[in-house]
Visitor: 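Could you have a look at this structure, given as structure tokens, before my questions?
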Amino acid sequence: ISVLPFSGTHVMEGSGRMVVTAVGVNSQTGIIFTLLGAGVEEEEKKEKKGMPLCKMQDGNMESNQIKVKKQDGAAAMEMQPLKSKASIPKKEKSVLQGKLTKLAVQIGKAGLLMSAITVIILVLNFAIENFVIDKRPWLPECTPIYIQYFVKFFIIGVTVLVVAVPEGLPLAVTISLAYSVKKMMKDNNLVRHLDACETMGNATAICSDKTGTLTTNRMTAVQCYIGDVHYKEIPDPGAVPPKSLDLLVNSISVNSAYTTKILQVGNKTECGLLGLVLDLKRDYQPIRNQIPEEKLYKVYTFNSVRKSMSTVIKLPDGSFRMYSKGASEIILKKCSHILNEVGEPRVFRPRDKDEMVKKVIEPMACDGLRTICVAYRDFPADPEPSWDDENNILSELVAITVVGIEDPVRPEVPDAIQKCQRAGITVRMVTGDNINTARAIAIKCGIIHPGEDFLCIDGKEFNRRIRNEKGEVEQERIDKVWPKLRVLARSSPTDKHTLVKGIIDSTMVDQRQVVAVTGDGTNDGPALKKADVGFAMGIAGTDVAKEASDIILTDDNFSSIVKAVMWGRNVYDSISKFLQFQLTVNVVAVIVAFTGACITQDSPLKAVQMLWVNLIMDTFASLALATEPPTESLLKRKPYGRNKPLISSTMTKNIFGHGVYQLVIIFTLLFVGEKIFDIDSGRNAPLHSPPSEHYTIIFNTFVMMQLFNEINARKIHGERNVFEGIFRNPIFCSIVFGTFAVQIVIVQFGGKPFSCHPLDIEKWMWCVFLGIGELIWGQVIATIPNSRLRFLRGAGQLSQKDELPEEDVNEENEEIDHAERELRRGQILWFRGLNRIQTQIRVVNAFRSSLYEGLEKPDSRTSIHNFMTHPEFRIEDSTPNIPLIDDTDEESARRRRKYSSQPSSPNKNNNAIDSGINLTIDTSKSAASSSPASPLHSLETSL
């Protein structure tokens, strides 16, 4: 093994020192990237065009190839393409993007239809009126005039289309997300993936770590049990047996990372133990100087499986002493002796352990303390123990003390959790701590309340409840556990991943659960990746956790998650506000242009004017409404849910209500406006007539109504005070006033290009008054209860019909285009043929087995299901090894494999299973049972 790790390597376990020899472009990875240069971009283009199966999206192609090579047979190599779930880049859209895309397409189709009908009606009306009714002949000299008319009709049609197509929707989403991400940085949320911000607004569950997230992660030893006495406060050094004190101080000083300092630098639990050394009027530094890190004989580092750390030192007489520390119930099980009141070891029987758990550990845990046991063991110099036999080494220990370490709850956490619960979000604590400690902290935080029907269990009980007799996780069993589960203690990273996956995959509730997860350790990677939104700790988090996360909490604080929820909901609301405003303008502008064109052979709103309106309602409005700051009221309602229509019944009521007001005003001005204002009519004007005052009033009134309706659009839940918090958004104010100023310039000085005639102050006042009428009309609409307008429920649903694309409802499904489908069909045919050949090989081997009695039995059996279990993460040290087939009974296993129509597999999303095809391959068996020179062997090699 090379002692020079590549840059980008993640240290998964252990401790040590490194010398950095090169960074950046001088490192091996940097040199490779430099050599690749532009080739990387070309590769990406090729992949996008048609080679998605060639590379793994999650970057673990090499590791999978290594695993495939171990399969001892070329047939297993052919299984690689079937991992299309991992290898085809997912064409993911966020929930909101999926809804908006569908809505934009629907509106676009409607707009295209309206514009086409408008052009057809204008052309037919002109042709019938001139050539049928008036019976004018088509004169060659009149052709240019006719063409000008047709071009004018076409421009009107294009204008209707431009106004109808909501090109501002993607812009609004991007602006809102980008603005939110920038602001979230100030709230200690570093967003790595844009759509995570929006997804967080729909979160229904948060699985949070305890240490550092809900608590301050500043550990302090407050109780201890030493010399058969339980001290509720740290005792005076004179009260502790000298021998026990020396062992305790040496154990803590040596058996901890030497980088850990008392000033809360390094591992926080070790900091608390070092603080205990100082409280006992001793100093750890002289001991470390006496036994430097280089003299440590053997170190068993802490990991999630051991839940302990042990350090072996060589004593002056040549013998060895091992110091251990770890979770109290783990270490005490391995203890056979304990130090008594004079510091001498006495026998520690099982009933003593039970008594200690009841009288010491449980009371400490009920006070919310983390219990750590410190122990030691002496080994003879000769014979030297086998240090690799970890189970034997970590046994027969002598317990020195049990220490209770307190990690205070962050003062702002209870309030933050209460806000989450009020917002319809269930908070679950998933921790590696003792069940009693976890329950005590959960009560302090407000996650659980006395008298409630909730579940607090540890990892062992959790696995017992969710696994069947074969040790396989069943979704039905998880569904019985997770709704009431609030605290999962002594959990492994696998338990955390299983819980998250179980909640996400659950179908027992109407709405698919959206789960957020916090994690800081390397082993939290799978859960962070699986969650809809993964939060990594910016201070305590490892690089692996940060890489797997969507948002990094730069202050490791739970209250920052609540702010992320607030911003996520604000994004959704901002888009809804913009949608309400834009659809109102869409409906009115299209109807006015269409009706005006059909009745008066000309659109009351000219092409350039419509484009200006389009600019107002798309670009400016998206900027104004998408930058609204969030308010606390966002946390007083339940999550929207993934399948809720984008356009609620209240929004539909507002769109129709304001649309009716605007249409009534516009058509009144169009048909009787010249009489009201005593001016010349602008209807039926000749082709190149100058701008009329009549149509300028219509245009100006229309823009004024949009400006004031933009203020109405700030509220989408029926609130009456539309001005609330308006000055907290300077962008909105500047856009409204800026638009008003530009409108004055266009009307007064636009002239022929804008088809505008200057208006006097009186007409301006009327236009503004009709615009202000929008605010008054908004109050009238807010008075009408939604229950009275039952038809609006359907209207709200219409815009959402099939709005959520299939791949967004079920994240495991992907969009598969025709080429990919064909490719997959080809793979299935190939594997079907391969399976037949394998069956034939097994039949021949069965007949030949008597000839090869002396051959060694195959030691490994492999199938596509084993090979494909958890393609994204393979954490060997923490995943329980649950074989799919009992390998001890080889013959019965062979028979079961032969006659089973469908092998069981934990990977429910396997393509082979989806296709209903049994793809079981015994490559190692066939390779072992066929001689290298046989035709069968060559056939397998070619396969």
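We count residues from 1, following the sequence as given. Atoms considered below: every heavy atom in the structure, side chains included; atoms not considered: hydrogens, waters and symmetry mates.
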Visitor: Under the side-chain contact (heavy atoms from CB on, under 4.5 Å) test against V500, which residue among V430, L528, D505, V515 passes?
Guide: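 The side-chain contact (heavy atoms from CB on, under 4.5 Å) with V500 is passed solely by V515 among V430, L528, D505, V515.
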Visitor: Quick one: pull up CD in E474 and CG in N468 and give me the separation to the nearest 0.5 Å.
Guide: 4.0 Å
Visitor: Restricting to side chain to side chain donor-acceptor pair (under 3.5 Å), what partner residues turn up for S324, sequence neighbours left out?
Guide: S310
Visitor: Quick one: side-chain contact (heavy atoms from CB on, under 4.5 Å) partners of D550, sequence neighbours excluded?
Guide: H193, A196, V533
Visitor: Does a side-chain heavy-atom distance below 4.5 Å link R192 with E547?
Guide: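 Yes. Closest side-chain heavy atoms under 4.5 Å.
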Visitor: State which residues pass side chain to side chain donor-acceptor pair (under 3.5 Å) with E461; sequence neighbours excluded, sorted by chain then number.
Guide: R464, R465
Visitor: Please confirm whether the backbone N or O of T431 pairs with a side-chain atom of S491, one donor and one acceptor, at under 3.5 Å?
Guide: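 Confirmed, S491 side chain pairs with T431 backbone.
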Visitor: State which residues pass side-chain contact (heavy atoms from CB on, under 4.5 Å) with T542; sequence neighbours excluded, sorted by chain then number.
Guide: T522, V544, A545
Visitor: Compare every heavy atom of I504 with every heavy atom of A531, then report the nearest pair and how far apart it is.
Guide: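 Looks like CA-CD1, 4.0 Å.
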Visitor: What residues, two or more places apart in sequence or in another chain, satisfy side-chain contact (heavy atoms from CB on, under 4.5 Å) together with E390?
Guide: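 For E390, the residues satisfying side-chain contact (heavy atoms from CB on, under 4.5 Å) (neighbours in sequence not counted) are Y300, R306, L394.
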Visitor: Is a side-chain donor or acceptor of N202 paired with a backbone partner of T199 at a separation under 3.5 angstrom?
Guide: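 Here the side-chain-to-backbone pair does not exist.
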Visitor: Who passes salt bridge (charged side-chain N to carboxylate O under 4.0 Å, His left out) against D209, sequence neighbours left out?
Guide: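 In terms of salt bridge (charged side-chain N to carboxylate O under 4.0 Å, His left out), with neighbours along the sequence ignored, D209 is linked to K496.
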Visitor: Which residues satisfy the salt bridge (charged side-chain N to carboxylate O under 4.0 Å, His left out) test with R490, sequence neighbours excluded?
Guide: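 Checked R490 against salt bridge (charged side-chain N to carboxylate O under 4.0 Å, His left out); matches are E329.
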Visitor: Any donor and acceptor pair, going by atom type alone, linking the side chain of D532 with main-chain N or O of A516 inside 3.5 Å?
Guide: no
Visitor: Which value, rounded to the nearest 0.5 Å, describes the distance between M309 atom CE and T301 atom OG1?
Guide: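 The OG1 atom of T301 is 7.5 Å from CE of M309, to the nearest 0.5 Å.
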Visitor: Who are the salt bridge (charged side-chain N to carboxylate O under 4.0 Å, His left out) partners of E469, not counting sequence neighbours?
Guide: R477
Visitor: So, taking the atom named NE2 in H497 and the one named CG in D524, what distance separates them when rounded to the nearest 0.5 Å?
Guide: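 Going from NE2 on H497 over to CG on D524, the span is 11.5 Å.
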Visitor: Quick one: side chain to side chain donor-acceptor pair (under 3.5 Å) partners of D458, sequence neighbours excluded?
Guide: none
Visitor: Among residues at least two apart in sequence or on other chains, which ones pass side-chain contact (heavy atoms from CB on, under 4.5 Å) with P385?
Guide: F320, F379, W387, I393
Visitor: Rounded to the nearest 0.5 Å, what's the gap from CH2 on W482 to CE on M508? Could you check?
Guide: 6.0 Å
Visitor: What pairs with N26 under side chain to side chain donor-acceptor pair (under 3.5 Å), at least two apart in sequence or on another chain?
Guide: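 Here no residue qualifies.
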Visitor: Should T498 and I478 be marked as a side-chain contact (heavy atoms from CB on, under 4.5 Å) after you check the CA-CA gap, both sets of side-chain angles, and the distance that decides it?
Guide: CA-CA 9 Å; T498 305; I478 296 179; 4.2 Å; yes
Visitor: Between atom CZ of R512 and atom CD1 of I503, what is the distance when rounded to the nearest 0.5 Å?
Guide: 11.0 Å
Visitor: Could you please spell out the steps behind the side chain to side chain donor-acceptor pair (under 3.5 Å) verdict for S395 and N392?
Guide: CA-CA 6 Å; S395 62; N392 285 332; 5.0 Å; no
Visitor: Any side-chain to backbone donor/acceptor pair from S506 onto G502? Under 3.5 Å, distance only.
Guide: no
Visitor: Measure from the side-chain N and O atoms of S549 to the backbone N and O of F535, and report whether any donor-acceptor pair falls under 3.5 Å.
Guide: no
Visitor: Testing the basics here: between G541 and K546, what is the closest heavy-atom pair and its distance to 0.1 Å?
Guide: O-CE, 3.6 Å
Visitor: Return the set of residues passing salt bridge (charged side-chain N to carboxylate O under 4.0 Å, His left out) with K484 (not counting sequence neighbours), or none when no residue passes.
Guide: D453
Visitor: Do R428 side-chain atoms and L485 backbone N/O form a donor-acceptor pair below 3.5 Å?
Guide: yes
